[in-house]
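The structure appears below as structure tokens.
Proteins get letters first, then strands, A, B, ... in listed order; numbering begins at 1 in each. As the structure is a prediction and not an experimental result, all values here were calculated from the model. Scope of the values below: all heavy atoms of this structure, side chains included, with no hydrogens, waters or symmetry mates.
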There are 2 protein chains.
Amino acid sequence: MKTDTLFKRAFNDALLLTSRLRDGDPIPSETTLAAELGVSRTTVRKILQTLTEQGVVAGAGRSRFARASAGEVQPFPEAETVPTSVQVEKQFMEWMLRGDAKAGALINELDLARQFKVATTVIREFLNSFQRFGLIERRPSGGWVLQGFTHSFALELFEIREMFELRSAREFSSLPGTSPLWHELRRLRQEHIELLSEIETRFQDFSDLDSRFHRLVNTAVPNRFIDGFFDIITLIFHYHYQWNKKDERERNEVAIREHLAYIDALLSRSRSAVATACRRHLASARQTLIRSTSDTGSVA
Amino acid sequence: MKTDTLFKRAFNDALLLTSRLRDGDPIPSETTLAAELGVSRTTVRKILQTLTEQGVVAGAGRSRFARASAGEVQPFPEAETVPTSVQVEKQFMEWMLRGDAKAGALINELDLARQFKVATTVIREFLNSFQRFGLIERRPSGGWVLQGFTHSFALELFEIREMFELRSAREFSSLPGTSPLWHELRRLRQEHIELLSEIETRFQDFSDLDSRFHRLVNTAVPNRFIDGFFDIITLIFHYHYQWNKKDERERNEVAIREHLAYIDALLSRSRSAVATACRRHLASARQTLIRSTSDTGSVA
DNA sequence: CTCGTGTTTCTTATGTACAAAAAACTTCTA
DNA sequence: TAGAAGTTTTTTGTACATAAGAAACACGAG
């Protein structure tokens with residue numbers, strides 16, 4: 001049976017919306033709600049029905065209104081609002097990075113399915129779409145081999161990353177002055193400065209900023225293959241940030257300063273300055289990543 | 001139910017093997033056969049059993065021997081020996097390139113399943129693994145959008161291809177003189193010359209040679225992401241060669257000459273010469289490909 | 001006529017079943 | 001006792017069923 005994580009997430013979102021209404025306020029139309037919650041009307045109607053059963057919403061058809069008098073309505077637990085695909089990915093990355101599996105090991109679908117408490121179909125679909133990240137490989141005879149988050153994986157990743165990023169940075173610095181991306185860049189620069197000034201407390205916000213910055217650089221002249229590769233970078237860094245907490249504040253502070261130098265180089269539109277700043281930043285990012293790989297596939 | 005295309009292909013291969021034996025010759029051991037046919041012993045036993053039923057093989061257990069006296073045994077039809085995944089890929093590429101579907105169109109799994117005469121599971125699995133080629137894209141809400149073999153697809157493809165190939169060519173020309181790859185390269189050079197001399201009749205053999213040559217260049221310093229990208233190139237060219245027969249002989253002749261110049265540049269180990277020859281070849285390959293794209297997704 | 005809800009139809013996601021093929025284990029024989 | 005065949009156990013590929021969610025259609029009120 002298809003999971004209803006979508007409904008549950010949307011329901012929780014809807015609860016937040018209604019909590020802002022006062023008693024007797026009219027409920028927006030189904031179409032409006034659908035747009036606001038980012039789901040279809042079918043799901044909205046299910047939410048409305050549930051909300052009515054719980055007494056948060058009264059009325060029917062075209063005349064529905066909020067009922068603030070109703071007691072506390074429990075939202076669905078956070079865990080039940082996460083799409084299966086995301087849960088599986090998370091569990092898989094954890095399984096791999098925690099060192100439960102060594103590079104070269106065979107992946108057993110049924111095993112994983114049991115371990116992750118999902119049907120084999122889900123694992124199979126996951127492995128298929130996860131293949132593109134280069135961490136696993138299909139065997140000709142069927143089945144999968146774990147490649148793992150190894151030293152060579154990180155090296156190969158960064159070789160491509162440098163190629164792509166240098167290309168995009170070059171394109172970016174050649175953008176006409178009228179391009180709206182310059183404004184975006186200045187705004188990001190400002191965000192970097194702000195983050196730097198509050199680095200002691202907000203250093204964990206860097207992960208997101210990092211991703212947005214590099215994504216912006218790649219927007220100059222889009223290329224679907226570069227975009228696709230970027231997804232790999234994003235995935236790796238996402239989990240890397242979660243698991244490697246060592247010297248996190250220091251690392252992020254260094255990276256922010258490198259970003260600023262890189263941004264200034266872009267703004268100066270000097271090709272050589274851009275290349276230098278870009279290379280410097282990537283070299284240090286690579287160092288960081290490589291330190292947390294190992295050839296047994298586990299986080300050192 | 002799982003298909004038995006593997007069995008059928010192996011059975012046909014086994015028929016060929018036994019046809020070379022004379023009456024009364026002993027049949028190799030199951031393990032040997034398994035290795036020769038590239039399948040498991042389980043499949044070999046099934047083949048042996050069938051072969052015995054048909055009278056081509058007599059005896060049992062450790063004493064089996066060929067029976068040339070048996071009448072003609074019909075091999076399974078070619079079509080039944082092709083793995084489902086390959087069939088689906090072929091049909092899908094045809095569907096897309098023939099222009100049955102326009103770029104931006106939604107892909108309907110059930111529809112395709114009916115059209116290709118397979119279960120929806122197969123289509124779903126195919127789409128999932130096919131995503132990496134960049135010709136289709138998953139919608140956030142589920143379902144797939146056809147991106148199609150468009151002009152911009154070809155341009156983006158070649159932008160990356162040039163980056164990768166230049167990088168690999170550079171690495172190749174820096175290989176130590178002792179590397180066995182130089183010998184491989186010289187052998188390929190010879191093959192090119194031979195093909196050129198018989199171009200009138202053998203021009204269709206170029207497709208394979210092309211792929212082998214570029215793959216060799218990329219072998220210098222392997223990178224899994226470049227290898228993965230190469231699969232895309234291979235897929236595109238495979239189908240391109242099949243469908244675009246216009247000026248095929250001329251195009252291939254030009255390409256062979258370009259390859260030879262490129263190979264000679266590599267052998268000369270001059271960086272600038274390599275870059276020039278490589279760029280020239282890629283530029284003409286791009287031209288060829290772009291001419292057969294169109295923004296409606298069909299072959300012009 | 002337009003926007004909104006009620007209703008129906010289509011499509012996709014996920015669980016389950018079962019045969020093909022691989023792999024592991026056991027037994028036999030030269 | 002090593003290698004070969006026999007047997008059993010695992011694992012994967014494919015089909016099919018069903019519920020969630022999206023989309024299309026229908027109808028009514030203002």
Polar side chain donor-acceptor pair, His214(A) to Asp210(A), under 3.5 angstrom: yes

Sugar-phosphate, base or nothing in reach of Ile107(B), heavy atoms under 4.0 Å: sugar-phosphate

Those residues that, when tested against Glu94(A), pass salt bridge (charged side-chain N to carboxylate O under 4.0 Å, His left out) (two or more places apart): Arg98(A)

Rounded interatomic separation in angstrom, taking CD1 from Ile123(B) and P from dC16(D): 14 Å

Neighbour count above 12 (heavy atom, 6.0 Å) for Glu36(A) CD: yes

Where protein sits on nucleotides 14-21 of chain C, one letter per nucleotide: B base, S sugar-phosphate only, - none, heavy atoms under 4.0 Å: BBB--SBS

Set of ring pair (Phe, Tyr, Trp, His ring centres under 6.0 Å) partners for Phe133(A), sequence neighbours left out: Phe130(A)

Length of the CD1-C1' vector between Ile136(B) and dT12(C), whole Å: 15 Å

Nucleotide nearest Ser29(B) (side chain, heavy atoms from C-beta), chosen from dT12(D), dT5(C), dA4(D): dA4(D)

Would you mind writing out the side-chain donor-acceptor pairs for residues 15-22 of chain A within the sub-3.5 Å range, not counting sequence neighbours?
| residue | atom | partner | partner atom | Å |
| --- | --- | --- | --- | --- |
| Thr18(A) | OG1 | Ala14(A) | O | 3.2 |
| Thr18(A) | OG1 | Leu15(A) | O | 2.9 |
| Ser19(A) | OG | Leu16(A) | O | 2.6 |

Atom pair distance, as rounded to whole Å: CG in Asn108(B) and P in dT12(C): 5 Å

Under the salt bridge (charged side-chain N to carboxylate O under 4.0 Å, His left out) test, residues paired with Lys8(B) that sit two or more places apart: Asp4(B), Glu80(B)

Whole-Å gap separating C1' (dT12(D)) and CG (Leu106(A)): 13 Å

Atom-to-atom span, CG of Asn128(A) to P of dT12(D) - whole angstrom: 13 Å

Counterpart residues, salt bridge (charged side-chain N to carboxylate O under 4.0 Å, His left out), relative to Asp25(A) (two or more places apart): none

Distance in angstrom units between Arg45(A) CZ and dA20(D) P, rounded: 16 Å

Presence of Arg139(A) side-chain N/O under 4.0 Å of dA23(C) phosphate oxygens OP1/OP2: yes

Test salt bridge (charged side-chain N to carboxylate O under 4.0 Å, His left out) applied to Arg62(A) - qualifying residues, sequence neighbours left out: none

Interatomic distance where CD1 belongs to Ile27(B) and P belongs to dA5(D) [whole Å]: 11 Å

Integer-rounded Å distance: dG21(D) P and Phe11(A) CZ: 13 Å

Footprint string (nucleotides 25-30 of chain D, 5' to 3'): B base within contact, S backbone only, - free, heavy atoms under 4.0 Å: ---B--

Phe65(A): partners by ring pair (Phe, Tyr, Trp, His ring centres under 6.0 Å), with sequence neighbours left out: none

